[in-house]
Amino acid sequence: MSITIITQGKDLTPWVNALKEKRPELNVRIYPEDTNREDVEFALAWNHPIGAFKKYPNLKCISSMGAGVDHILKDPELPEAAIITRITDPNLAKDMAEFTIALVMNHVRGLSSFKIAEQKQLWKPTGYLRTEDVTVGVMGVGVLGTHVARQLNKIGFKVNGWASTAKELENVEVYVGQNGLNAFLAASDILICLLPLTKETANILNKDTFRKLPEGAFIINVARGEHLVEQDLIEMIDEGHLSGASLDVFREEPLPKQHPFWEHPKINITPHIASITNPATAVSQILDNYDRLKNNEPLTGTVSLTKGY
């Protein structure tokens, strides 16, 4: 059994090298140069060409090359027999927490405003917020969100979570479903989106949601660009209800040069680098599932097609 990698616009050298280092005898194929596709049962994918999977009649597992699977699930022609899995590498959670903490601290200490003052050669001391006086709301407390919430709590923030089902997290109150959403938002001085992208969560960062936040709330989106209604964010910042935003993900990437986010003084932009899968550490889980598939054993990191994560 071989592994076929199906993607576009991605340097696959680190992935091939990592797979070969762990398993030198492994037959690694690259789409679209691969042949004998009827022999392929295991595919590794990221941002694949829509419809590519249907070219493999015996595909049994499609493994995402990262924690997200929306790029796979948007394909209307997924093989019915294929199990979808995702990476749950602990390094992804660690990296996401460190990056998110940096964005939160940048906001509470007002560091971006000092950069603007520096460019204008202005010496302008200002006050700052203290961790114990700020409540952070984490939308989505899966593997990544749970780790982010715990780490923020460790450095002194009061942290709440919001999830579709009840969860128990030490020192973190988790609000559940639509019934808990309004109370969760009302308590969030900083709102972090770490939700999976599903039909239910698409466009959730909209004007109605923003209005339920305290005046002066700050938005951080490190999930997916499709969670955010972009014009609603700009309007709510310009109206003064929101104090600003840090965005790492966008509906179109790279962000177009003419996009208004580039010039907005209260919106910080990073190029989707919050948490990047490291092939050297991720391939162990991929190969474990590869072996499990060969041995007809249950796979790890499986995705529910009904939930979308």
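Because the structure is a prediction, the values reported are computed rather than measured. We use all heavy atoms of the structure for the numbers below, so side chains are in, but hydrogens, waters and symmetry mates are not.
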Mind checking ring-ring contact (aromatic ring centres under 6.0 Å, His included) for His259 and listing every partner two or more places apart, or none if nothing turns up?
-> Phe261
Using a cut-off of 6.0 Å, state whether more than 12 heavy atoms not belonging to Glu170 lie near its atom CD.
-> no
Could you list all the ring pair (Phe, Tyr, Trp, His ring centres under 6.0 Å) pairs where at least one residue sits in residues 130-160, not counting sequence neighbours?
-> none
Does atom CD of Glu132 have more than 12 heavy-atom neighbours, drawn from other residues, nucleotides or ligands, at distances under 6.0 Å?
-> yes
Do Leu287 and Leu92 sit in the same hydrophobic cluster, where Ile, Leu, Val, Met, Phe, Trp and Tyr count as joined when their side-chain heavy atoms come under 4.5 Å apart?
-> yes
Measure the spacing between CG of Asn91 and CD of Glu98 and express it to the nearest 0.5 Å.
-> 9.5 Å
Mind checking the CD1-OG spacing from Ile72 to Ser64? Nearest 0.5 Å is all I need.
-> 4.5 Å
Donor-acceptor pair, side chain of His227 and main chain of Asn221, under 3.5 angstrom | no
Heavy-atom side-chain contact between Met139 and Leu205 under 4.5 Å | yes
Salt bridge (charged side-chain N to carboxylate O under 4.0 Å, His left out) assessment of Lys74 paired with Asp70 | CA-CA 6 Å; Lys74 69 181 180 182; Asp70 52 283; over 6 Å; no
ILVMFWY network linking Leu191 to Leu181, side-chain heavy atoms under 4.5 angstrom | yes
When you look at CD of Glu77, are more than 12 heavy atoms from neighbouring residues, nucleotides or ligands closer to it than 6.0 Å?
-> yes
Does His272 offer a backbone N or O that forms a donor-acceptor pair with the side chain of Asp248 under 3.5 Å?
-> yes
Are Ser63 and Asn289 side-chain neighbours, meaning at least one heavy-atom pair lies under 4.5 Å?
-> no
Can you tell me if Ser304 uses its side chain to pair, donor with acceptor, with the backbone of Lys307 under 3.5 Å?
-> yes
Not counting sequence neighbours, list each pair that qualifies as a side chain to side chain donor-acceptor pair (under 3.5 Å) and has a residue in residues 155-168.
-> Ser164-Tyr309
May I ask you to test the Leu111-Lys115 pair for a side-chain heavy-atom distance under 4.5 Å?
-> no
OG1 of Thr126 to CZ of Arg109, rounded to nearest 0.5 Å, is 9.5 Å
Polar side-chain atom of Thr100 near backbone of Ala97 as donor-acceptor pair, under 3.5 Å | no
Would a hydrophobic clustering, with Ile, Leu, Val, Met, Phe, Trp and Tyr connected at side-chain separations under 4.5 Å, put Leu233 with Ile269?
-> yes
Is the count of non-hydrogen atoms from other residues, nucleotides or ligands lying under 6.0 Å from Lys207 atom NZ greater than 12?
-> yes
Ala223 and Leu195: which non-hydrogen atoms are nearest, and at how many Å?
-> CB-O, 3.4 Å
How about His48 and Gln8: do any of their side-chain heavy atoms sit closer than 4.5 Å?
-> no
Is the number of heavy atoms from other residues, nucleotides or ligands within 6.0 Å of NZ (Lys20) greater than 12?
-> yes
Would you find a donor on one side and an acceptor on the other, under 3.5 Å apart, between the side chain of Asp291 and the backbone of Asp288?
-> no
Mind listing the closest non-hydrogen atom pair of Thr201 and Pro196 along with its distance?
-> OG1-O, 2.7 Å
Is a side-chain donor-acceptor pair under 3.5 Å present for Tyr56 with Asp39?
-> no
Pairwise ring pair (Phe, Tyr, Trp, His ring centres under 6.0 Å) hits with a residue in residues 69-119, at least two apart | Trp46-His71, His107-Phe218
Output for pair (Leu26 CG, Lys22 NZ), nearest 0.5 Å, gives 13.0 Å
Determine the minimum heavy-atom distance between Leu213 and His241, stating which atoms define it.
-> O-NE2, 3.0 Å
Common cluster, Leu293/Val283, ILVMFWY with side-chain heavy-atom separation under 4.5 Å | yes
Any side-chain donor near an acceptor of the partner, Asp95 and Ser275, under 3.5 Å = no
Check: Gly110 main-chain N/O paired with Ser113 side-chain donor or acceptor under 3.5 Å = yes
Using atom types as modelled and distance alone, determine if a side-chain donor or acceptor of Trp15 lies under 3.5 Å from a backbone N or O of Ile5.
-> no
Tested for side-chain contact (heavy atoms from CB on, under 4.5 Å) against Val159, the lone hit among Val174, Ile192, Val172 is Val172
Specify the closest pair of heavy atoms between Val222 and Ala274, including all atoms of both residues, with the distance to one decimal.
-> CG1-CB, 4.1 Å
Side chains of Thr281 and Asp89: is there a donor and an acceptor less than 3.5 Å apart?
-> yes
For Pro79, which residues count as a side-chain contact (heavy atoms from CB on, under 4.5 Å) partner, sequence neighbours excluded?
-> Phe53, Leu59, Ile62, Ala82
Got a sec, which pairs hit side chain to side chain donor-acceptor pair (under 3.5 Å) with one end in residues 175-191, sequence neighbours left out?
-> Asn182-Lys212
Kindly say whether Arg251 contributes a backbone atom to a donor-acceptor pair with the side chain of Arg224 at under 3.5 angstrom?
-> no
Main-chain N/O of Gly308 paired with Thr198 side-chain donor or acceptor, under 3.5 Å | no
Inter-residue atom distance Ile155.CD1 - Arg150.CZ, 0.5 Å rounding = 15.5 Å
Cluster link Phe250 to Ile273, ILVMFWY, side chain under 4.5 Å = no
List the atom of Asp11, the atom of Pro14, and the distance in Å for their closest heavy-atom pair.
-> O-CD, 3.5 Å
Ignoring hydrogens and angles, tell me if any N or O in the side chain of Ser2 forms a donor-acceptor pair with the backbone of Val40 under 3.5 Å.
-> no
Measure across Asp75 and Ala52 and return the closest heavy-atom pair with its distance rounded to 0.1 Å.
-> OD2-N, 4.2 Å
